[in-house]
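Report on the following structure.
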Amino acid sequence: MCGIVGYIGPRDATPIILNGLKRLEYRGYDSAGVAVLEDQHIEIRRDAGKLDRLFTTVEQQPLHGQLGIGHTRWATHGEPNVRNAHPHVSASGEVVLVHNGIVENYLELREELESEGVEFKSDTDTEVIVQLVDRFMAKDGSLEDAARQVLRMIRGHHGIVLFSSRQPDRIVAARMGNAGGVVVGFGKDEMFISSDLPAILEHTREVVFLESGQMAVVTREGMSLSNLQGETLEPHVDIIFWDPVAAEKGEYRHFMQKEIHEQVRSLTDTISGRVDFETGRIMLPDLKLNEKFVKDLEKIYIIACGTAGYAGQIGAKYIERIAKIPVEFDIASEFRYRDPLITDKMAVLAISQSGETADTLAAMAEGRKRGATLWANINMIGSQAMRIADGYISMQTGPEIGVASTKAYTAPIVNLYMLAILLGELRGTLDDNTRRALVAELSHVPEWVSACLEREAEVEEVAKAIKDITHCLYLGRGINTSTAYEGALKLKELSYIHAEGYPAGEMKHGPIALVDEDMPVIVVAPQDDLYEKMISQIEQAKARGGKVVAVATVGDTLIPTLADHVLWIPKTHPLLSPVAAVIPLQMLAYHIASLRGLDVDQPRNLAKSVTVE
């Protein structure tokens with residue numbers, strides 16, 4: 001997960017920036033760099049790999065100045081090397097920029113610039129931004145006006161920080177959408193900028209969190225805030241207490257709320273470096289796959305517990321549909337006790353946020369004993385599950401503090417979707433056009449999640465309406481059956497309300513007996529090929545006096561006439577709809593628990609990592 005640090009003031013910027021980047025190291029990255037204004041000239045040091053290499057580079061080639069920016073990058077466009085590391089400088093050498101996010105229309109913008117004679121020095125989408133800023137700045141001389149014009153041109157979600165040697169008294173920072181957070185910190189005759197609080201906490205406790213569509217012009221004396229139309233805004237200054245745990249929550253009431261909102265960024269990072277949208281190919285090198293093994297693969301067992309298990313159920317459907325490999329999902333705690341039929345022509349794929357879940361590790365050991373190839377989908381690099389596996393996929397979510405998992409549910413879903421495409425390509429079950437189409441859908445995932453998050457206020461109103469319930473039934477069908485399971489689990493974990501998830505077709509085989517005016521039915525009903533079936537379930541619940549809350553696709557005109565409350569999600573590709581559909585259910589559970597005055601981050605009796613059987 002990319003990190004940004006900026007400084008302007010009387011002190012040497014370099015050590016402040018490097019130490020700030022060190023505090024963001026937990027987010028994951030594959031290259032790093034720093035740019036400092038030294039004697040009215042922009043000096044840059046960059047390196048691939050870990051920050052220690054950049055520290056060594058700076059030690060060997062020192063740079064000093066009182067204004068600078070730094071970045072840790074996780075590759076999206078272009079290989080993780082020095083050429084593609086941030087910061088990126090313009091052709092004139094007078095504008096430098098760091099960036100979190102993906103420029104969705106960078107190809108057409110790059111072609112336009114190249115037609116004007118601009119020579120690009122990297123393979124990144126980011127360089128398009130700095131070259132455009134340089135072009136507009138040459139016309140009117142204003143860094144902020146040039147940046148504002150460019151931000152109106154580019155598509156996607158972004159956190160951007162830049163400065164220019166032509167205006168050496170300022171740094172410009174902006175946020176678009178949810179992929180890149182930007183925090184501005186106030187000091188005495190000095191200012192700090194970061195993508196997250198830990199980088200600047202030792203220097204300041206007065207901060208402003210930029211909202212989407214806002215731009216800050218930061219000088220030593222302070223900051224001015226405006227929108228993309230140039231209208232002046234009044235910044236809201238938050239005081240962060242010197243409790244490092246509380247401080248890292250930033251603008252959110254709880255870690256869980258923060259982590260729900262971080263899913264735009266965590267999913268961007270999960271996709272980054274693994275997808276080549278130009279060729280329509282997936283790259284998962286840590287799995288160490290080869291074509292012969294994949295073609296000979298007879299079966300895959302997916303094993304996991306709890307939330308990870310529901311992600312695994314969705315992944316099993318992806319692999320069977322896309323790669324045409326038989327897949328069996330098992331709860332890890334049951335797997336080793338059922339004498340599974342495993343051979344060396346099979347793989348066992350374990351999913352675990354911590355990589356230390358006792359039941360999952362035991363199930364992996366059973367797979368190893370029977371000759372299977374072991375794969376792990378984990379969040380914690382260096383964990384036991386990663387170490388014992390033959391190959392792995394990391395989730396790229398960053399730390400997840402809240403006990404009830406959110407980021408570590410949507411990330412493995414996307415990982416397994418990518419794995420299914422890669423297996424399909426290696427196995428020869430995907431033609432080129434289908435593969436490209438499936439890969440292209442990944443570019444929309446952060447945007448879909450962002451659209452769901454923007455409706456949080458609507459979800460909170462539904463939470464207020466049903467917060468006093470004692471029971472709840474969740475229904476889903478097809479690939480969203482697991483969404484219903486996960487939604488029910490979240491409500492149980494956080495609010496201690498009895499909730500059950502069911503395949504919608506099973507309602508009339510028992511659960512319908514429970515439906516009355518006191519038991520809401522939450523229905524996951526996007527407009528997919530099972531939509532009409534879900535409409536039938538809603539009508540059956542309403543006929544028994546049930547209150548219905550429906551997760552529905554924006555633009556649906558029928559469901560609002562049937563349901564008591566609607567949680568809207570954007571139109572998505574059917575296979576990826578679970579990623580969007582779970583977001584309002586996460587928010588609903590969160591707000592119900594919060595309204596009931598419960599400990600959202602540490603629910604009773606639960607632990608983040610279950611290390612005992």
Side-chain angles (χ1 to χ4, degrees), residues 4-14 16-17 33-46 63-71 85-99 103 109-110 112-114 116-122 124-154 158-176 182 184 189-193 210 214-230 232:
I4 290 174
V5 182
Y7 173 80
I8 183 169
R11 293 191 277 168
D12 188 359
T14 304
I16 293 171
I17 293 167
V34 59
V36 170
L37 187 64
E38 186 174 76
D39 298 327
Q40 305 303 307
H41 175 72
I42 296 171
E43 285 287 335
I44 297 178
R45 304 288 183 268
R46 302 183 296 186
L63 70 170
H64 302 283
Q66 298 173 329
L67 182 159
I69 56 178
H71 189 269
H86 294 217
H88 288 287
V89 67
S90 65
S92 69
E94 296 176 333
V95 181
V96 67
L97 174 144
V98 293
H99 165 229
V103 182
L109 294 172
R110 180 167 179 144
E112 178 185 334
L113 287 163
E114 287 177 332
E116 297 174 2
V118 175
E119 293 185 11
F120 281 77
K121 303 171 186 175
S122 77
T124 68
D125 57 332
T126 296
E127 192 180 350
V128 165
I129 305 174
V130 73
Q131 302 291 9
L132 285 170
V133 171
D134 193 37
R135 182 178 75 174
F136 287 121
M137 195 175 179
K139 294 178 180 178
D140 62 25
S142 168
L143 179 62
E144 51 265 42
D145 287 346
R148 192 174 285 114
Q149 290 183 70
V150 175
L151 288 169
R152 291 198 294 260
M153 294 175 64
I154 60 176
H158 312 281
I160 294 172
V161 180
L162 67 159
F163 71 86
S164 172
S165 57
R166 299 182 212 166
Q167 289 184 291
D169 63 338
R170 66 194 60 195
I171 298 175
V172 172
R175 177 180 178 180
M176 297 293 296
V182 180
V184 179
D189 298 322
E190 61 182 355
M191 297 288 286
F192 307 87
I193 301 169
L210 297 195
Q214 293 184 344
M215 173 187 288
V217 178
V218 182
T219 66
R220 290 189 182 199
E221 291 75 33
M223 65 170 282
S224 61
L225 191 66
S226 63
N227 59 24
L228 295 191
Q229 289 69 48
T232 300

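These figures come from a predicted structure and were not determined experimentally.
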| message | I'd like to know whether Arg45 forms a side chain to side chain donor-acceptor pair (under 3.5 Å) with Thr14, so could you lay out the CA-CA distance, the side-chain angles of the two residues, the decisive distance to 0.1 Å, and finally the verdict. | response | CA-CA 10 Å; Arg45 304 288 183 268; Thr14 304; over 6 Å; no
Within the side chain of [X], is there an N or O that forms a donor-acceptor pair under 3.5 Å with the backbone of [Y]?
X	Y	result
Ser164	Glu94	yes
Asp125	Val103	yes
Ser165	Ile42	no
Asp39	His41	no
Glu43	Leu63	no

When rounded to the nearest 0.5 angstrom, what is the spacing between [atom1] in [X] and [atom2] in [Y]?
X	Y	atom1	atom2	answer
Met137	Glu144	CE	CD	8.0 Å
Leu109	Glu127	CG	CD	13.0 Å
Gln167	Leu37	CD	CG	12.0 Å
Asp12	His64	CG	NE2	6.0 Å
Ile4	Ile69	CD1	CD1	8.0 Å
Met176	Leu151	CE	CG	6.0 Å

| Can Glu119 and Lys121 be counted as an ion pair, charged N to O under 4.0 angstrom? |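 Salt bridge between Glu119 and Lys121, a charged N being under 4.0 Å from a carboxylate O: no.
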| said: What I want to find out is whether Asp189 reaches Arg11 closely enough, with some N-O distance under 4.0 Å, to be called a salt bridge. | reply: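 Result for this pair is no, no salt bridge flagged.
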If we only count heavy atoms from C-beta on, is the [X] to [Y] side-chain gap below 4.5 Å?
X	Y	answer
Leu113	Arg110	no
Val128	Phe120	yes
Leu143	Arg166	no
Val36	Leu67	no
Glu190	Pro10	yes
Ile193	Val98	no
Arg135	Glu112	yes
Arg46	His86	no

Which heavy atom of [X] sits nearest to which heavy atom of [Y], and what is that distance?
X	Y	answer
Val118	Gln131	CG1-CD, 3.8 Å
Gln40	Pro168	OE1-CG, 3.5 Å
Phe163	Gly68	CE2-CA, 4.0 Å
Ala173	Val161	CB-CG2, 4.0 Å
Val182	Gly159	CG2-CA, 4.0 Å
Leu210	Ala216	CD2-CB, 4.1 Å

| task | Evaluate the side-chain contact (heavy atoms from CB on, under 4.5 Å) criterion for residues His88 and His99: first the C-alpha distance (whole Å), next the side-chain angles of each, then the deciding distance (0.1 Å), finally the verdict. | result | CA-CA 9 Å; His88 288 287; His99 165 229; over 6 Å; no
| said: Run Arg148 and Ser226 through side-chain contact (heavy atoms from CB on, under 4.5 Å) and show every step you take. | reply: CA-CA 10 Å; Arg148 192 174 285 114; Ser226 63; 2.8 Å; yes
| side-chain contact (heavy atoms from CB on, under 4.5 Å) evaluation trace for Ile160 with Leu97 | CA-CA 7 Å; Ile160 294 172; Leu97 174 144; 3.5 Å; yes
